[in-house]
Each structure stands twice: as C-alpha cells, then as structure tokens.
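Bear in mind that the values here come from a model prediction, so they are computed numbers and not experimental data. We name chains A, B, ... by the order of the sequence lines, and we start the count at 1 in each one.
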2 protein chains.
Amino acid sequence: MRPTVHDIAERAGVSLATVDRVLNDRPGVRGVTRAKVEAAIVELGYVRDVAAANLAKSRVYPLVFILPEGDNPFMRGLEDEVRRAGAHSLVERTQLSVVTVPAFDGRALAREIDSAIERAVAGIAAVAVDAPEVLAAIGRAREAGIPFVTLVSDLANSGRDHFIGVDNIAAGRTAGSLMGRFLGQRPGPVAVLAGSMRVRDHGERLEGFLAAMSAMPVSRAILPVLEGQDDPELSFQLIAECLAEVRDLAGIYSLGAGNRGLVRALAAGTGRNLCVIAHEVTDETRAALEGGLVDAVLNQDAGHEVRSAIRVLRAKADGLPVIAAQERIRLEIFIKDNLPSEPGMDDTPGPAGN
Amino acid sequence: MRPTVHDIAERAGVSLATVDRVLNDRPGVRGVTRAKVEAAIVELGYVRDVAAANLAKSRVYPLVFILPEGDNPFMRGLEDEVRRAGAHSLVERTQLSVVTVPAFDGRALAREIDSAIERAVAGIAAVAVDAPEVLAAIGRAREAGIPFVTLVSDLANSGRDHFIGVDNIAAGRTAGSLMGRFLGQRPGPVAVLAGSMRVRDHGERLEGFLAAMSAMPVSRAILPVLEGQDDPELSFQLIAECLAEVRDLAGIYSLGAGNRGLVRALAAGTGRNLCVIAHEVTDETRAALEGGLVDAVLNQDAGHEVRSAIRVLRAKADGLPVIAAQERIRLEIFIKDNLPSEPGMDDTPGPAGN
DNA sequence: CTGTTAGCGCATTCAC
DNA sequence: GTGAATGCGCTAACAG
C-alpha cells in the first residue's frame, strides 16, 4: 500500500495537521518541524492522492473559455466541444462556461478576462488577440494566481501558463510542401486566401507556406495575399475574381476561416482542376474534400484542444505538473481517405471517467 | 451541490446501506424498497461520485498489456509508453504490467491471457493474433468478467469490449491515394513490402491500398507483395533485389514493420528517386523522412493508444460508458514538415493529473 | 506554532 | 431484509 499522511505523520512524529501544512505549504510551521516532515515525505516516497484531496476539499473548479463570437465555424466547433465536455464535467468537479467576445477586439477580450478574475474562477482559456490590453489583463490574471492558457492563437510573451494549439509555421510549411508535391511539374501560380494579416496565426502560416514553396524544385509564383476577413461573402468575391483573372491558376491555399466563400467560388468555377488546401475540418471543408473540390485539409482537433485546456488548467490549479506529450496538439493532415466520420453522433451520454 | 447517497436515502426513506445495495445491484432488497430507491435516484438525478467510490473501496486496478516480443520498433514503443503511463498511474489507482509473447503465436498469447485471468487482473489489453486459441481465451476472459481490449490489430468477432487502433483499410487507402498523387503522371510499377499476409492488419492495409491505386486516373502495375516477416535482413534482401530487377520502379509501400531493412536498401540504391510510404514513426522512419528517403509515414500514436486502453479498461471495470470521440485513434499522416519533435524528452516527471 | 476532531461521498462489515 | 457504524486519504475548522 502507498504511504498516507498518517504514515508520514507518525514517521515525523507530528500530527496530521502539521503534515497537511507542509504538504500545501501553508504558514505556521517551524523550520525544523518542516524539515522533519519533508524528510519523511521523501523517505517514504509519498505521493498525494489527488482524488481524496479533492473529495475532502469538495472543491469545484469553475473554468471559463473566452472565444471570439461570429460565424467562424471552427470557433463554433470549439464552443460545441466545451459544452460537450461540460456534460461530463460534473464528475470531474469542473464547471465549464463559455463567453464570447467580438473577434479581433482586444479591449473586449481584456474586459472579459477582468470579469473572470473578478468572479474568482479557477482558470481561464482564451483565444488570444495581439493587443496591449490583453497582455495587461493576462498579467492581472497571473497576479491573482489564476491559471491562464492561450487557445489556438498564442501570445508567447504574455506570461500565460501554457499554449494549446498547433505550430502555425509548421502548418504553413506542411501546406506548402503538399501543394508543391501535388502540383508536381504542372505550371501556374498559386493564390493565398487569408483572414487578416493582423492575426498572428495567419501570419505564421503564410510565412511557413512561402518558405516551403520556395524550397520546392519547381519555382512557382505566389500571388499577393487575398484578405477576406474570414467573411464568406468577401472571400467568395476575392476568389471568384481571382479565378476569372488568372486563367492558369494552379492552386489555392486558404489559411484562414473563409472556407465557405472559397468553396462557393470553387463550385461555381467548374472544371478548373486546381490544387486546393484549406484549414480546419468543418461541414464545408468536409463536404468539399469528399466532393473533390479541396485536396487536403489541415486540422487541429477542437475536442482535444478543449480537453487539453481543461486538464492543463486543473493541473495548474492543483499545482501539478503537465504531461507534455499528452498535451501537444498535433497538426493533422486530412485527405479524402482518412477523413474521420462525422463527429457529435458518436458520443455516449452520461457520466464518464475522463 | 450534487445529490449524494444521503439525499436519496432520505428521499426514499431508507438507510444508506439499502441505497448502496440497489446502486450496486446487490441482493437483499425487496422489490418495493428497490423501486422507491430507484425512483429517488431518478428524481434527484443522482450520479455516483466515482472518485469517492474508489476511495472507499480503496480498490486498485491491475491492468496487463500483452505485446509481441522481438525487435519490432513500434511494439517496443508501445511498451515504453506503458511504462511511461505506469509512472503516472499510482495516482490513478492503476497498476500496469507488461508481458511479452512470441509474435504471431496464438497459443502463447492464449496462455498468457489465461494466466492473467488466473491472477484476477482488472483488465487485459492485447495485440490480437488471428487464431482459434485466442478467440477461446478472450471468451474465457469475458466469462470471468474481465474487460478485454484489442490493441493495434483487432479480432472483431471475439467479443472483445473495444478495439483500440486505426482503421487499417482506410490506412491502406490513404497510402494509395498519397502514392498516386505524389507520383502523378510518372510511369513505373509500385512494390509492396509487408510483414506477413497472415496478420489481419497487414491484409487490410493491402486491400485499401490496392483499391485506392486502382481508383487513380493513371493506371499502374502493382508488383506481387514481398513478405519480409517484419525481419530487417529479409526485408533488406527483398527490397534490394526488387530495386536491382525493376529498373523503372516508381514507388514502394511498406505496410508492415520491416522499415529498418527497407531504409538500408534505399540508402544503398542511390539516386533512384522513388516515392516511398511507410507505417509508424520510429527512429528509422523519422530519420528516413528527414533525409528524404521516405516521402510520407502513416502513424498511430502509441502514447494515445496506451492511455486510451487504460481509460477504456477502467471505464469498463467501473461499468462506466466510454467517450467514443476521445478514444478514436486517428490515422496520422506525417511528411517532413509536420513531424513532431522527438518524443520522450518532453515529459514532466512526478505525479500527474491525468 | 501544533494537535484534535469532524467531515467529503461512498462501501462495507456487522448487528437488528 | 434493513440499518448503524466505521473507515478510505485528505482537508479544515477549532482548540490548545
């Protein structure tokens, strides 16, 4: 049997309360006493039973996810995953909530962060916007001792505890590499559709894409980036225009969330046989992949990201270490043949273990 | 606050013990009483606190992984992952052990399964071999009420509780699709290196590969399958021979674990510019991918598989449902650009949350 | 500064 | 058939 607090209390010749004090390093213990207890802990190889601890604390963990509002399908998918995780969360003493803020609005995000701090939540996960207000708000969360993770888009210098998302430069490189191979010797320029270059992850993807394309044996022109603001209508117009003007277009890389407009334009421009690579599996991209309109979709698993965020926030809240290998979000490549079946319908209701 | 056993005892006008009896449906409760309690459970929306239950039971879960022995790097990787999970497992009241048996030996596997049943373990995970003895042994595990999951290679009609691994037909299709696209118009036949066609997953991968290749616009000859028994030396010879004889060879699909021999032969046959697709990220395939000897590697994440097996076995042991979406093992596609950094060095030691 | 005591939610002997 | 009492490993009042 594993050693318990009783064993270490006995071994150190102190009471349970004292053991508990040094375990949770709370004040009110003399240095000598503390040392004795710590020695006993090491000698017995004690590891705290987190389940029992949480039971005793009967602590609940209110966690808040702050996501951009609007009809960005990936973000709505993230939101769905949070709610789905919420269904299982009672068992894990975790209380999930979602709030949405206008996209790309640093001030609004900062306000929401402060509000969460006010409510004394146990952890915050947010899609970061690159703005000074946000940086400051994250700093305040840190000061309040509230764990903070960035989701999907990072803010590395903010002091956040963890970033949960993919390496976007590598994602861009992967897209470029696939595009180059799929096109082979075929001539013609490539277009890039982005949301906005003011968003960090979009910029990084472009950077990686350009690097990989220029490393290809066949050199190929990349047209000036089209910024569709992740808006379906604007994206549609930009792509439709491009298709009309550039008759020998060979491929399109859609690195943002403007896929609905992209797909509409592709469907209209019949028989062009382009190589198209997009990001995030959504209803639109899934259908386009299955229909042959899109050749590959790069994806980050929203469900994994949400569960990872929860695990990391809870670990930080409990002062536990994080299993890095488990929390690394992979960049998934999907083609028609390895597309997983529709999500959502495959979940089992009821309480669950983990 | 969530309702507890006390609440439902009070509501039903019975004692804790009685509530417990119906919760764990044990005998010794009158029909009427049982009905009252069950009504209260439903009305209050009671869900059992598994953590507290396990604490009270002070139950530990001895789980056993039965893996093929030998120098198959993927299997050794799986074993490493089990040990790694074992380091965190104390916290989760789980006791992991690994036993190895000769590869492809149904009788040896069956014997080991029986031994595990004998020891009354709480769950068994095994790489299935397609043999009647194994089928029978899995049946005995079921009768003994011991949860059983198949790992990597399934045995669907065995009555196992769950399969943890990828869809191998889809894996083969994906390989075929990528091979076709990467080759494009380039002429020449394609070779297939397998371990043994008597293994189910290898057969399924071949099936998918052939289907995808034949669906390609450019028709292409597939050479007779080379069976390397997953043996480095034999695989090397087969591939070296093939390279020597088939001067216009366009590609190789390695669907088994003979990659060490494959890579050696590729390295020797300089400047042949083949399209090579292999399975499982190991030291060899990683290096080959980085060095340009291999174009793509299809992978199943061993760490995820092990953790999934543990979660599923525990859930089954506790009679809890499984979160299907979380337990589905994805088929990962790796090219040079999205290869994750070396695993193993990125783990944090010490106790962990999950 | 340190120790005693009473739970957290559940399972399990024992009596009745 | 049913209930009361005790303990799992830990935390948190409250005393001393």
Side-chain angles (χ1 to χ4, degrees), chain A residues 1-38 40-41 44-61 90-94 122 317-320 351 353, chain B residues 1-38 40-41 44-61 90-94 122 317-320 351 353:
Chain A
M1 224 47 207
R2 278 166 51 189
T4 75
V5 277
H6 292 90
D7 300 325
I8 115 166
E10 189 180 5
R11 174 115 175 158
V14 298
S15 77
L16 285 185
T18 304
V19 173
D20 186 65
R21 288 190 186 97
V22 346
L23 240 45
N24 301 291
D25 57 33
R26 272 187 290 251
V29 186
R30 250 188 321 170
V32 224
T33 320
R34 174 176 298 274
K36 273 194 303 188
V37 174
E38 278 166 350
I41 290 176
L44 294 172
Y46 170 83
V47 272
R48 180 213 246 94
D49 182 329
V50 200
N54 284 334
L55 177 59
K57 277 191 287 210
S58 63
R59 176 176 181 186
V60 289
Y61 298 78
L90 287 172
V91 186
E92 317 185 359
R93 323 188 86 72
T94 299
D318 285 336
L320 294 173
Chain B
M1 224 47 209
R2 278 167 52 189
T4 75
V5 278
H6 291 90
D7 300 325
I8 116 168
E10 189 180 5
R11 173 113 173 162
V14 297
S15 78
L16 286 184
T18 304
V19 173
D20 186 65
R21 289 191 186 96
V22 348
L23 274 174
N24 300 292
D25 57 30
R26 271 188 290 253
V29 187
R30 251 188 320 172
V32 223
T33 320
R34 174 176 298 274
K36 272 195 304 189
V37 174
E38 278 167 349
I41 291 177
L44 295 171
Y46 170 81
V47 273
R48 180 213 244 91
D49 183 328
V50 202
N54 284 334
L55 175 60
K57 277 192 290 214
S58 64
R59 177 176 182 185
V60 288
Y61 297 77
L90 288 173
V91 184
E92 317 184 357
R93 320 187 87 71
T94 299
D318 285 337
L320 294 174

Does A/Arg21 have any salt bridge (charged side-chain N to carboxylate O under 4.0 Å, His left out) partners at least two apart in sequence or in another chain, and if so, which?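 A/Arg21 satisfies salt bridge (charged side-chain N to carboxylate O under 4.0 Å, His left out) with no other residue.
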Under 4.0 Å, heavy atom to any atom of DNA chain C: which of residues 15-30 of chain B qualify? B/Ala17, B/Asp20, B/Asn24, B/Arg26
Tell me the closest heavy-atom pair linking A/Ala51 and B/Ala51, and the distance in Å. CB-CB, 4.1 Å
Ignoring hydrogens, what is the shortest heavy-atom contact between A/His6 and A/Leu16? Give both atom names and the distance.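 In this case the closest contact between A/His6 and A/Leu16 is NE2-CD1, 3.6 Å.
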Holding to side chain to side chain contact (heavy atoms under 4.5 Å, CB included), I want the full list of residues that pass it with [X], two or more places apart in sequence or in another chain.
X       : result
A/Ala56 : none
B/Glu10 : none
A/Asp20 : A/Asn24, A/Arg26
B/Ile41 : B/Ile8, B/Val22, B/Leu23, B/Val37, B/Tyr46

Going through the checks in order, is the side-chain contact (heavy atoms from CB on, under 4.5 Å) test met by A/Asp49 and A/Thr4? CA-CA 8 Å; A/Asp49 182 329; A/Thr4 75; over 6 Å; no
Supply the atom-to-atom distance B/Asn54 CG to B/Thr94 OG1, rounded to the nearest 0.5 angstrom. 9.0 Å
Contact between A/Asp318 and A/Arg48 at the side-chain level, heavy atoms closer than 4.5 Å - yes or no?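 When only atoms from C-beta onward are counted, A/Arg48 and A/Asp318 do not touch, as no gap falls below 4.5 Å.
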Of all nucleotides in DNA chain C with an atom under 4.0 Å from a non-hydrogen atom of chain A, which is the first and which the last going 5' to 3'?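 So the outermost contacting nucleotides come out as C/dC1 to C/dG9.
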Those residues that, when tested against A/Asp7, pass side-chain hydrogen bond (donor to acceptor under 3.5 Å, both in side chains) (two or more places apart): none
Please report how far the helix from C/dC1-D/dG16 to C/dC16-D/dG1 bends, comparing the axis fitted to its first five pairs with the axis fitted to its last five, to the nearest 10 degrees.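 The angle, to the nearest 10 degrees, is 40°.
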Step by step, would you call A/Thr18 with A/Lys36 a side-chain contact (heavy atoms from CB on, under 4.5 Å)? CA-CA 11 Å; A/Thr18 304; A/Lys36 273 194 303 188; over 6 Å; no
Anything under 3.5 Å between a protein N or O and an N or O of nucleotides 7-9 of chain D, put it in a table, one pair a line.
unit_1: D/dC8; atom_1: O2; unit_2: B/Leu55; atom_2: O; d: 3.3
unit_1: D/dC8; atom_1: O2; unit_2: B/Ala56; atom_2: N; d: 3.0
unit_1: D/dG9; atom_1: N2; unit_2: A/Ala52; atom_2: O; d: 3.3

